Amino acid sequence: MYQTREDLLEFVRPHLKQSRFEHTVRVTDTAVKLAERYGADVEKAEVASILHDFAKHKPKEELKSWILREEKLNNDLLSYHHELWHGPVGAFMLKDELQIQDEEILSAIAAHTTGKKDMTLLDKVVFLADYIEPGRNFEGVEEVREIAENNLNEACLQSLVNTVQFLTNNKRTVYPDTIHAYNALV
Ligand code: DGI
Ligand code: FE
Ligand code: FE
């Protein structure tokens with residue numbers, strides 16, 4: 001159904017710095033384990049994870065023009081930190097460039113940074129894998145890794161609590177979808 005893991009990794013490699021590529025491999029391995037543990041589609045988890053940071057290093061202006069041009073992309077993104085743009089824009093870029101049409105995969109890529117209301121099993125797997133991959137050292141990540149051993153929803157919730165705490169402690173804006181994700185899980 002999909003290209004192989006190796007083909008997809010070679011596709012993204014030139015778009016990523018070496019450290020980001022290594023992060024991508026760790027997210028993928030983590031997501032595959034979570035998918036197996038929680039009964040998500042393992043192949044889709046693998047594809048979405050390999051591609052999740054595809055747009056991470058695209059110029060801000062290029063991401064911005066996609067948001068302005070693509071009507072399905074919420075323009076309110078432009079009022080929030082540009083760090084949040086690579087997920088939703090990346091999903092649309094991949095739809096064009098790789099002919100990825102699977103809405104579940106595109107949704108998991110789009111929501112991987114902020115989360116969203118009513119996340120699917122696959123959305124949660126990719127979101128959590130990005131947060132707990134073994135290279136991460138956020139404050140509180142070890143607790144989330146432990147919770148992730150047996151409760152996917154609790155682990156997503158704790159990662160959202162940590163992120164919202166981090167953002168508010170630093171008086172940074174919190175994108176509404178992150179609050180919606182938190183509310184849906186609490
Ligand atoms: O792309 P990565 O570095 O792998 O990680 P990411 O896609 O989660 O994005 C990086 C950061 O974005 C994340 O650590 C915190 C920051 N961020 C800024 N504003 C928000 C936010 N994260 C969430 N969930 N919500 C926000 O409003
Ligand atoms: Fe990301
Ligand atoms: Fe990532």
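All values derive from a computational prediction rather than experimental measurement. In each ligand, atom 1 is the first atom listed, and ligand 1 is the first ligand listed.
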Between Tyr131 and Phe138, is the gap from one ring center to the other below 6.0 Å? yes

Checking Arg26 side chain against Pro134 main chain: does a donor-acceptor pair fall under 3.5 Å? no

Is a side-chain N or O of Tyr175 found less than 3.5 angstrom from the main chain of His81, in a donor-acceptor match? no

In His23, what N, O or S atom is nearest to the Fe ion (ligand 3), if we give its atom name?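 The Fe ion (ligand 3) is closest to the His23 atom NE2, counting only N, O or S.
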
Could you tell me which N, O or S atom of Asp130 is nearest to the Fe ion (ligand 3)?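 In Asp130, the heteroatom (N, O or S) nearest the Fe ion (ligand 3) is OD1.
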
Between [X] and [Y], is there a side-chain N and carboxylate O pair less than 4.0 Å apart?
X      : Y     : answer
Asp102 : Lys44 : yes
Glu22  : Lys17 : no
Arg172 : Glu83 : yes

Residue His52, metal the Fe ion (ligand 3), N/O/S under 2.8 Å: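 An N, O or S atom of His52 is closer than 2.8 Å to the Fe ion (ligand 3), so yes.
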
Under 2.8 Å from the Fe ion (ligand 3) - does any N, O or S atom of Asp53 fall there?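 Under 2.8 Å: Asp53 contacts the Fe ion (ligand 3) through an N, O or S atom.
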
Please determine whether side-chain contact (heavy atoms from CB on, under 4.5 Å) holds for the pair Arg5 and Glu10, giving the CA-CA distance in whole Å, both sets of side-chain angles, and the decisive distance to 0.1 Å. CA-CA 9 Å; Arg5 176 188 173 108; Glu10 288 319 307; over 6 Å; no

Have a look at Phe54 and tell me which of His15, His112, His86 forms a ring-ring contact (aromatic ring centres under 6.0 Å, His included) with it.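 It is His15; the other options fail the test.
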
Which protein residues have a heavy atom under 4.0 Å from ligand 1?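 Those residues closer than 4.0 Å to ligand 1 by some heavy atom are Arg20, His23, Asp53, Lys56, Glu83, Leu84, His86, His112, Thr113, Thr114, Asp130, Arg136, Thr163, Leu167, Arg172, Thr173, Val174, Tyr175, Thr178.
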
